[in-house]
Amino acid sequence: MLKCVHKTISVGVATLVLTSISAFASFNGKREAVDGGMIYPRANGIYTAYRYNDQNISHFNYGRKPTPNELKAWDTDIMPDGTGLPKGKGTVAEGDELFEEQCAVCHGDFGAGGLGYPTLTGGDRASLTNQRTPGKTDAPKRTIGTYWPKASTLLWYIHDAMPYAHPKSLSWDETYAITAYLLATNEIKLDGKEMDDDTVLSNENFLKIKMPNEDGFIPNIDGPNGVKNVKAFLSDGKNIGAVGVRCMKDCKDDGAKLVVVKDPRTDVNPPFSEVRDLPKKPKDSSIKPGQEEYEKSCAVCHGNDKMGAPDVGNKEAWAKVMKKGMDKVLATAIKGTGAMPPRGGSSYSDEKLKQIIEYMYSKSK
Amino acid sequence: MKKNDKTSTDSSSLVSDKTSSSRRNFFKKAAVYSASAVAASSLLSPVKLSAEEKDDKFITEEQPWATSLGYELNKHPYGVPSPYEHNVVRRTTPLLSSAGDMHAAVSLTPLQDLKGIITPNGLFFTRTHNGVARIDPNKHRLMIHGMVKNPIVLTMEDIKRYPSESVIHFLECPANGAAEWKTPQFDSLQFVKGMVSCAEWTGVRLKTILEDVGVDPKAIWMLAEGGDGSSMSRTIPVEKVMDDAMIVYAMNGEALREEQGYPVRLLLPGWEANLSVKWLKRLEFGDKPWYCKEETSKYTVLLPSGKAIQHFYPLEVNSIITSPCPEKPWTDLKKGDIVEIEGLAWSGKGTITHVDISFDGGKNWVEAKLKGLVLPKAWTRFSYIYKYEGKELMLESRATDDSGDTQPTVNQEKKIMGVEGVYHRNSINTWYVKANGEVHNAQMRS
């Protein structure tokens, strides 16, 4: 696979040099990126198809140094090795109460789900090998107990992101308590022992939690070779399903049959439509009766006073008009007067005209 | 119109009308404006047509928009699409949300209606974990610290003062097509592939800022944290940061939309869009990964072995035929019509080099033409001119990139990844074109 890749690239480069037809000639990339993909050279003001400013000026020195307090306020992440673990403690029983008050509405009693929001407890790790292929309906259960590799993630995430509508509202003591409760309901052990109602979880014993699925993830990202491991892993297509072949004729795909969508889902919003028409009148309360007709047929003259029409927004002018009484004004508008054509040049009904005039007046009070 | 007609509505006479205020002029102007309400004229003395001929009344009759005054040009200081395009919108489904709660959900781009390689800002797909944050740009700060020589705090003014670059890149949610792992579920291009969009992004290369900051060579990881309610965070290898990562504040020529992280987001070209952290407020450098919620509980790919892939960054080579598609079928075509098959291809690992088309579900392929700009980690349009025969087709596209990757078949991908991984599905898609031109979502699979 790799061999063939290099061939393609060198052919691409040769084409570029010989005929200088760039087309998509790989932009001189090399398959050396950390994601297993291409890195493109950036030199002499050229980067792939882009030009950039290569004056090579660096060191702008914008911004300023954060204060120690600012760092303290924002540097609140918690790492698996205990870096950033805040002081605090709470019991499973306290967590139980807090969870019921603040979390169960969405995550269900005991975090068991069922309400559409993420399920936090239940299932067993053996389920992770479940595959819902035809005839098999049991899903893998990805919960804190079966799936999450690190307990620090839970403490950090609950504090920063939950409860959903009021994130960052829990104290650290409360966060330790809820975390203790969720670990206990997931039957996770603290220092090798099951957790009961009175178990206290704190910054002192937090690192003694053992997550059951800690070794469930590949590649290994820990240690100084973490990034190298990722790069090696992602660069091998067999690891990530990048095994497509550019076959052109009589290609084999054993057992493949046409499967056409059956009972397609239609629960989408807004409903599917490719029609080009005017939207149904929105029941937009901000659009007043008569407003649209005014804008369409009358605003051209009544939007300003240049023509001698009583301009909408001009209190005085409209006070003078309306002093005559609606019946008279409407009659004049129907008949037309001076530079005002009959019905303003429209064919609106008397009733509609009245509505428009009421709108015009309402905007001029 | 008469040459010396003062009532003409060309702009010069409008200007002079402003200063003139004679009653005579009012009257003339009024006459002109009210004339616009005169009914549509019809064709004078029409010719008799032969039996096969038929007049199109939209040609022979005047239409209202041609016989009336349009609306004032400043009606929408910020322009809006024609109301006739009101069905071209992002769509959501409760299936891709938490309990139908649209604060933690995804909205999908109407790929069937897009042209070229740029997604309009109002149609860019959106995924949020705690709703769309509304941030006051005057109060927003970006802090860069950790294993660095000179930690800094930047305001938006500071960030915008750095030399800027503009690049065209797609962003894709790795869950794009996730509903289709086990079987086709939607009969819609928008829902099969709509968690991807492509824009021109403007901002500063992160490397430029980091030259001042001075990253410790032992720091191999960077934490990026968002300023939204969920403090969305991810761990990123410094190697990527120093390659093509950017801090961007503009898309398609204007400020980022709030849904895309206003006022500022990270941009990691080609990688899971979730890594391009929105509402970016903090970057911390370190020598260990952070194990954030979105790189442990989520955005990890469960394999049939029960092990899961973590830190699975690149969106692999992908493509989809956008015309025809379930939303844009061939039901109006006649046998023998010439029609363009068109689509989009992209790869997070490099640049598209080839797209092939199959009419028989992947047995035989012909190469399509690429068209328009062909850029790294960006949407690339492909095209194939086809003579429609009114026959049943199993229409597929298959893209290849310059890293040497070609899209796998459903079976090839399934064999390694299983069907429970949720993320990173990039196998070949099939449109089943019926003899009557209807197009339905399908897969070739065993």
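Here is how names work: the chains are called A, B, and so on, in the same order as the sequence lines, proteins then strands, and each is numbered from 1.
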Under the ring-ring contact (aromatic ring centres under 6.0 Å, His included) criterion, do B/Phe186 and A/Phe272 qualify, and how do the steps go? CA-CA 11 Å; B/Phe186 285 97; A/Phe272 290 120; 7.5 Å; no
Heavy-atom pairs under 4.5 Å with chain B are the metric here; pick the option from A/Tyr52, A/Tyr117, A/Phe233, A/Tyr47 that has the most. A/Tyr117
Would you mind checking which part of [X] comes under 4.5 Å of any heavy atom in chain A, side chain (CB onward), backbone (N, CA, C, O), both or neither?
X	answer
B/Phe312	both
B/Ala104	both
B/Asn150	neither
B/Lys328	side chain
B/Thr183	side chain
B/Arg398	side chain
B/Trp271	side chain
B/Val88	side chain
B/Glu72	neither
B/Glu284	side chain
B/His311	both
B/His103	both
B/Glu316	side chain
B/Arg161	both

For the atom pair [atom1] ([X]) and [atom2] ([Y]), what is the distance rounded to the nearest 0.5 Å?
X	Y	atom1	atom2	result
B/Tyr313	A/Ile240	OH	CD1	12.5 Å
B/Lys182	A/Thr133	NZ	OG1	10.5 Å
A/Asn225	B/Ile220	CG	CD1	8.0 Å
A/Trp148	B/Lys293	CH2	NZ	6.5 Å
A/Asn61	B/Ile152	CG	CD1	8.5 Å
A/Asp263	B/Asp187	CG	CG	11.0 Å

Heavy-atom contact with chain B under 4.5 Å, split by part of [X]:
X	result
A/Leu258	both
A/Pro224	backbone
A/Ser273	both
A/Lys231	side chain

Would you sort out whether A/Tyr40 and B/Thr351 count as a side chain to side chain donor-acceptor pair (under 3.5 Å), showing the intermediate values? CA-CA 10 Å; A/Tyr40 299 106; B/Thr351 310; 2.7 Å; yes
For A/Cys106, disulfide bond (SG atoms under 2.5 Å apart) partners two or more places apart: none
Using the ring of A/Tyr50 (Phe, Tyr or Trp, six-membered ring only), decide whether B/Arg205 places NZ or CZ under 6.0 Å from its centre and within 45 degrees of its axis. no
So B/Ser230 and A/Pro167, do their side chains get closer than 4.5 Å, heavy atoms only? no
Is there a side-chain contact (heavy atoms from CB on, under 4.5 Å) between B/Trp290 and A/Ser152? Walk through the geometry before answering. CA-CA 9 Å; B/Trp290 269 263; A/Ser152 57; over 6 Å; no
If you compare all heavy atoms of A/Asp267 against all heavy atoms of B/Pro94, which two are closest, and at what distance to 0.1 Å? O-CD, 3.1 Å
Where do A/Tyr147 and B/Thr300 land on the side chain to side chain donor-acceptor pair (under 3.5 Å) test, with the steps shown first? CA-CA 10 Å; A/Tyr147 199 64; B/Thr300 47; 2.7 Å; yes
Walk me through it: do B/Glu239 and A/Glu32 pass the test side-chain contact (heavy atoms from CB on, under 4.5 Å)? CA-CA 11 Å; B/Glu239 220 176 301; A/Glu32 287 177 351; over 6 Å; no
